[in-house]
Asker: 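Take this structure first; my questions come after.
All figures in this text were calculated on a predicted structure; none of them were measured in a lab.
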Amino acid sequence: MQLQLPEITRGVERLRNVIITVMPDCLLYESWSRDGDQTANEEAASYLGDLVRANREALRVMRALSDEMQVTIESGGLLIILREIESSYVVGFVFESDVPLGMVRVQVRTMLARITEALPRFAVSESSRGERVLEFVERYAPDPHTVLLRVAVQARVPLDELRNPANLDGERMQRVERAVCTILGIDSLTL
């Protein structure tokens, strides 16, 4: 099935934009705008992805992390709903602010089901356990730009070896996983 945002959004009153962001890079994947002007969607995509990442980090700190997470932003004339799909995408729905929240939730659920069905899936099984662990920590760490160095120091594994995580042996992999859990403040990884 091909993603057809004009078809998916047809009949949804007072919906202004749909912005799909690829995670963890926060790059625009696809967007739709009622007025046809797409100029702001690309720039907004990176911020929407960062908002979901920050929200996930806040929930992690409060020990309320869940796969079913929605970010709702009410501001001036806009109501923005952000939903993450399988940690690969963030979908932002931008409505006019006077739409009742219950109606927005129903419409978002309907559109999200169709969008989820049409988006390509990324194969996780092709990656080694080490690659999946490091992708996970880079996605959810509060400091993704320095987290690899932090893992190397805490796990006592040279940074060069972490850059090739498929080659980590059992004992080093265990130390890396413990370091990732410590950095993220979680008890275990379920990858």
Side-chain angles (χ1 to χ4, degrees), residues 1-5 8-9 15 17-33 38-73 78-95 105 108-109 111-151 162-163 165-166 176-177 179-181 183-186 188-191:
M1 171 183 249
Q2 190 175 4
L3 182 62
Q4 297 288 332
L5 288 179
I8 291 170
T9 59
L15 175 67
N17 300 70
V18 176
I19 302 167
I20 302 174
T21 303
V22 177
M23 297 299 284
D25 301 323
C26 298
L27 299 173
L28 180 66
Y29 176 78
E30 185 74 48
S31 67
W32 169 88
S33 180
Q38 304 271 353
T39 54
N41 291 349
E42 187 165 351
E43 186 176 357
S46 64
Y47 294 118
L48 298 179
D50 284 340
L51 279 169
V52 168
R53 185 179 300 154
N55 186 64
R56 183 167 291 286
E57 181 63 20
L59 290 173
R60 182 195 61 77
V61 168
M62 293 187 285
R63 302 209 183 272
L65 195 57
S66 167
D67 290 336
E68 288 296 315
M69 175 186 69
Q70 175 173 297
V71 177
T72 304
I73 303 167
L78 298 178
L79 173 64
I80 302 171
I81 305 292
L82 303 175
R83 291 291 302 264
E84 188 173 30
I85 299 176
E86 298 177 5
S87 74
S88 298
Y89 302 96
V90 168
V91 183
F93 300 93
V94 181
F95 287 87
R105 286 184 178 146
V108 164
R109 190 175 14 236
M111 288 185 290
L112 197 60
R114 292 180 68 195
I115 290 170
T116 301
E117 186 178 303
L119 286 173
R121 300 294 183 273
F122 298 106
V124 175
S125 60
E126 295 174 10
S127 301
S128 71
R129 173 112 180 128
E131 290 167 328
R132 290 192 313 269
V133 167
L134 293 179
E135 286 170 5
F136 184 82
V137 75
E138 287 175 341
R139 181 178 300 128
Y140 297 117
D143 54 353
H145 302 295
T146 61
V147 73
L148 197 59
L149 183 58
R150 288 181 61 198
V151 170
L162 278 184
R163 290 193 173 113
V176 167
E177 287 191 35
V180 167
C181 288
I183 289 168
L184 295 178
I186 57 179
S188 64
L189 295 171
T190 54
L191 301 174

Asker: Where do Gly92 and Leu82 come nearest, in terms of heavy atoms and distance?
Answerer: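 Between these two residues, the closest heavy atoms are CA-CD2, 3.6 Å.
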Asker: Less than 4.5 Å apart, side chain to side chain, heavy atoms only: is that true for Met111 and Val91?
Answerer: no
Asker: Side chains of Ile73 and Leu51: closer than 4.5 Å at any heavy-atom pair?
Answerer: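 A side-chain contact exists here, since the closest heavy-atom pair is under 4.5 Å.
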Asker: Does a side-chain heavy-atom distance below 4.5 Å link Leu134 with Val176?
Answerer: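 Yes, at least one pair of side-chain atoms sits under 4.5 Å.
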Asker: Please identify each residue that fulfils side chain to side chain donor-acceptor pair (under 3.5 Å) with Glu30, with sequence neighbours left out.
Answerer: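 Partners of Glu30 by the side chain to side chain donor-acceptor pair (under 3.5 Å) criterion come out as none, since no residue qualifies.
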Asker: What I'd like to find out is whether the side chain of Leu112 reaches to under 4.5 Å of the side chain of Ile85, using heavy atoms alone.
Answerer: yes
Asker: With sequence neighbours left out, what residues match Ser31 under side chain to side chain donor-acceptor pair (under 3.5 Å)?
Answerer: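 Per chain and number, Ser31 pairs via side chain to side chain donor-acceptor pair (under 3.5 Å) with Gln38, Asn41.
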Asker: Could you state the interatomic distance from CD1 (Ile81) to CZ (Arg109), rounded to the nearest 0.5 Å?
Answerer: 11.5 Å
Asker: Can you confirm whether Pro120 sits close enough to Tyr29 that some side-chain heavy atom of one is under 4.5 Å from a side-chain heavy atom of the other?
Answerer: yes
Asker: Nearest heavy-atom pair of Ala141 and Val147: which atoms, and what distance?
Answerer: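 Where Ala141 meets Val147 most closely, the heavy atoms are CB-CG2, 3.5 Å.
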Asker: Between Phe95 and Leu78, is there a side-chain heavy-atom distance shorter than 4.5 Å?
Answerer: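 Heavy-atom side-chain distance check fails, nothing below 4.5 Å.
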Asker: Kindly compute the distance separating CD (Glu117) from CG (Leu3), expressed to the nearest 0.5 Å.
Answerer: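 Answer for the CD-CG pair, Glu117 versus Leu3, is 11.0 Å.
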Asker: More than 12 foreign heavy atoms under 6.0 Å from CD of Gln70: is that the case here?
Answerer: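 It does: Gln70 CD has more than 12 such atoms within range.
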Asker: Donor-acceptor pair, distance only, cut-off 3.5 Å: does the side chain of Thr116 make one with the backbone of Ala113?
Answerer: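 Judged by distance alone, no pair lies under 3.5 Å.
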Asker: What's the shortest heavy-atom distance between Asp50 and Cys26, and which atoms?
Answerer: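 Heavy atoms of Asp50 and Cys26 come nearest at OD1-SG, 3.5 Å.
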Asker: State, with a plain yes or no, whether a side-chain heavy atom of Val18 is found less than 4.5 Å away from one of Ile8.
Answerer: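 No. Closest side-chain heavy atoms not under 4.5 Å.
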Asker: In chain order, what residues pass the side chain to side chain donor-acceptor pair (under 3.5 Å) check against Arg105, with sequence neighbours excluded?
Answerer: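 With sequence neighbours excluded, Arg105 shows a side chain to side chain donor-acceptor pair (under 3.5 Å) to no residue whatsoever.
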Asker: Can you find a pair of side-chain heavy atoms, one from Leu5 and one from Ile115, that are under 4.5 Å apart?
Answerer: yes
Asker: Please report the interatomic distance CZ(Phe93) to OG1(Thr9), rounded to the nearest 0.5 Å.
Answerer: 10.0 Å
Asker: Please give me the minimum heavy-atom distance between Gly49 and Met23, naming the atom from each residue.
Answerer: O-CE, 3.5 Å
